[in-house]
Number of protein chains: 2
Amino acid sequence: MITNKNCIIRLSRYKNALYRLRDLGFVKVFSDNLADAIGVTASQVRKDFSLFGITGNRKGGYEIASLLEKLGGILGKDRIERVIIAGAGHLAYALMHYRGFEKEGIKIEAAFDIDPLKFAKNAQIPVLPMEEMKDFVVSNNIKVGVLAVPEVGAQRAADTMFAAGIKGILNFAPLRLKAPNDCAINNVNLEIELENLVYFVNVLEKKG
Amino acid sequence: MITNKNCIIRLSRYKNALYRLRDLGFVKVFSDNLADAIGVTASQVRKDFSLFGITGNRKGGYEIASLLEKLGGILGKDRIERVIIAGAGHLAYALMHYRGFEKEGIKIEAAFDIDPLKFAKNAQIPVLPMEEMKDFVVSNNIKVGVLAVPEVGAQRAADTMFAAGIKGILNFAPLRLKAPNDCAINNVNLEIELENLVYFVNVLEKKG
DNA sequence: TAGATTGTTAATCGATTAACAATC
DNA sequence: TAGATTGTTAATCGATTAACAATC
């Protein structure tokens, strides 16, 4: 099993580029075209495919439909992925209303909060008490969650998620979560992203 | 100038860990402690510091206050960084209300949209017409922006930002922006983050 | 001083790229 | 066939880690 995160991210990007090519009516693609589309080398594309046993036709390139099917299989896109959110603040609200997930087969099933004022049991995407998470996650067999609570409650909310059976967390809280070995964490730290951007803007300014 | 993004991200993490140590009353720190705090090796810490000419005391470790000052200087934390947002949807709203930015010296000054229903010229963080971006950015000398509009309008909004003088964009739209050479782009792609998480959850499940 | 930690060089590791034989 | 593209191996590149002399 390949555990290089960058490689898996490239697979997602290939997939997105292939969707666009297919919608434009293309049927086949060369490693060179895909490389241009996502900004890597053709060697990289062929190497990535070869790591997953994806083969094309020498001289004929790759068939887009079959490539999409294989990439979808690897990335788990062969079924709808159901997701919950811990926290029902502004960020959770933004995620619940985000349109981009549906076409990717990602469905947000519910959000959970400790604040009774946030509860909305009958909303399209219900907001439920944190104590109900475990029942919900177990009975819906959900494996992936988003952590969108303030930093101060983040580890506690994460522990609730792990206890409920969540195996992967997309973490927006700006801290390093302690997690069981059999669980995956992806961090999105907006302060650090902006700080990083500021650094590179300053570098480019000095250069130019 | 160091242009390794991971290295700069580590500097941010060191800084955050150092804030916590300082608030706990610590005055000095060894490379080994910092390494544990952010999950890297002590060699990595010393190497990172050495790349930026940061030195400690042989035997005595590093003084936290002076380290924070130096890291702050490198990361541009010696002054408030003023930022605008293109788009005034749910995500922009979440960012405008996010509490984490203030302590990092990041201030969101305004958001811009094309929908007159969103305008709020007198709000604490005003929402202004997209056409006013250039004037606002120029007169406030803003260099960094967040792109939080739907995919379909993203490149156009980015071009507006570049034309206004923005040199760095934190991009939430799920596409590869075309940008001038002297501009920096950091991408946050939530679909890809979740897709990636699903992959690793599946890998861990098969392993276990 | 003896012991411990830095700063830096050298070794290792892993990922990317180049090259090219295989082949359609 | 001749030309072009794949699949894979070897070479390169860059980042991380180990090692250790310098030194407080």
Side-chain angles (χ1 to χ4, degrees), chain A residues 1-14 17-18 21 26-71 74 176 192 196 199-200 203, chain B residues 1-14 17-18 21 26-71 74 176 192 196 199-200 203:
Chain A
M1 270 303 121
I2 287 83
T3 53
N4 175 342
K5 188 177 171 184
N6 284 333
C7 176
I8 308 301
I9 286 177
R10 284 196 301 271
L11 296 192
S12 288
R13 296 196 199 285
Y14 298 142
L18 287 165
L21 287 171
F26 287 92
V27 173
K28 294 187 169 183
V29 69
F30 298 134
S31 58
D32 206 39
N33 308 135
L34 264 180
D36 287 345
I38 80 156
V40 298
T41 63
S43 280
Q44 180 82 271
V45 175
R46 297 200 299 275
K47 181 70 161 184
D48 286 340
F49 288 174
S50 126
L51 285 172
F52 289 93
I54 294 175
T55 60
N57 311 304
R58 288 182 199 259
K59 165 72 179 144
Y62 303 82
E63 212 189 317
I64 290 175
S66 122
L67 209 44
L68 275 170
E69 206 167 307
K70 283 170 190 160
L71 290 173
I74 293 162
R176 211 158 70 98
I192 287 187
N196 195 263
Y199 175 83
F200 283 102
V203 167
Chain B
M1 269 303 124
I2 287 83
T3 53
N4 175 343
K5 189 178 170 184
N6 285 334
C7 175
I8 308 302
I9 286 178
R10 283 195 301 272
L11 296 192
S12 288
R13 296 196 199 285
Y14 298 142
L18 287 165
L21 287 172
F26 287 91
V27 173
K28 293 187 167 181
V29 68
F30 298 134
S31 57
D32 206 39
N33 307 136
L34 265 179
D36 287 345
I38 80 156
V40 298
T41 63
S43 281
Q44 181 81 270
V45 174
R46 296 199 300 273
K47 181 69 159 186
D48 286 340
F49 288 175
S50 126
L51 285 171
F52 289 92
I54 294 176
T55 59
N57 311 304
R58 289 182 198 257
K59 165 72 181 144
Y62 303 83
E63 213 190 316
I64 290 175
S66 122
L67 210 42
L68 275 170
E69 205 167 308
K70 283 170 189 161
L71 289 172
I74 292 163
R176 210 157 70 98
I192 288 187
N196 195 263
Y199 174 84
F200 284 102
V203 167

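Below, chains carry the letters A, B, ... as their sequence lines are ordered, and counting in each starts from 1.
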field: More than 12 heavy atoms of other groups within 6.0 Å of Lys70(A) NZ
entry: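 Above 12, so yes.
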Can you confirm whether [X] sits close enough to [Y] that some side-chain heavy atom of one is under 4.5 Å from a side-chain heavy atom of the other?
X: Ile54(B); Y: Ile74(B); result: yes
X: Phe26(B); Y: Leu18(B); result: no
X: Asp32(A); Y: Val45(A); result: no
X: Tyr199(B); Y: Lys5(A); result: no
X: Phe52(A); Y: Ile8(A); result: yes

task: Let me have DNA chain D in dot-bracket notation, would you? Count Watson-Crick plus G-U wobble pairs, both distances under 3.5 Å, and use [ ] for pairs crossing earlier ones and | for inter-strand partners.
output: ..||||||||||||||||||||||
field: Nucleic acid contacts - residues 2-10 of chain A versus DNA chain D, non-hydrogen atoms under 4.0 Å
entry: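 Going residue by residue through residues 2-10 of chain A, none turns out to have a heavy atom under 4.0 Å of DNA chain D.
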- request: Identify the 5'-most and 3'-most nucleotides of DNA chain D with at least one atom closer than 4.0 Å to a non-hydrogen atom of chain A.
  value: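 Nucleotide range with atoms under 4.0 Å of chain A: dG3(D) to dT9(D).
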Which is true for [X] with a 4.0 Å heavy-atom rule: it touches a base, it touches only sugar-phosphate, or it touches nothing?
X: Phe49(A); value: nothing
X: Thr41(B); value: sugar-phosphate
X: Gly56(B); value: sugar-phosphate

Asp48(A) or Gly60(A), whichever maps to the more 5' nucleotide of DNA chain C: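 With Asp48(A) and Gly60(A) compared, the 5'-side residue is Asp48(A).
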- request: Mind listing the closest non-hydrogen atom pair of Tyr62(B) and Leu67(B) along with its distance?
  value: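 Reported closest heavy-atom pair: CB-CD2, 3.6 Å.
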task: Compare every heavy atom of Arg13(A) with every heavy atom of Ile192(B), then report the nearest pair and how far apart it is.
output: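 Closest heavy-atom pair between Ile192(B) and Arg13(A): CD1-NH1, 3.7 Å.
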query: Okay, side chain of Asp36(B), backbone of Asn33(B): is any donor-acceptor separation there less than 3.5 Å?
result: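 Absent.
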field: Check against side chain to side chain contact (heavy atoms under 4.5 Å, CB included), Tyr14(A) and Asp48(A)
entry: CA-CA 10 Å; Tyr14(A) 298 142; Asp48(A) 286 340; 2.6 Å; yes
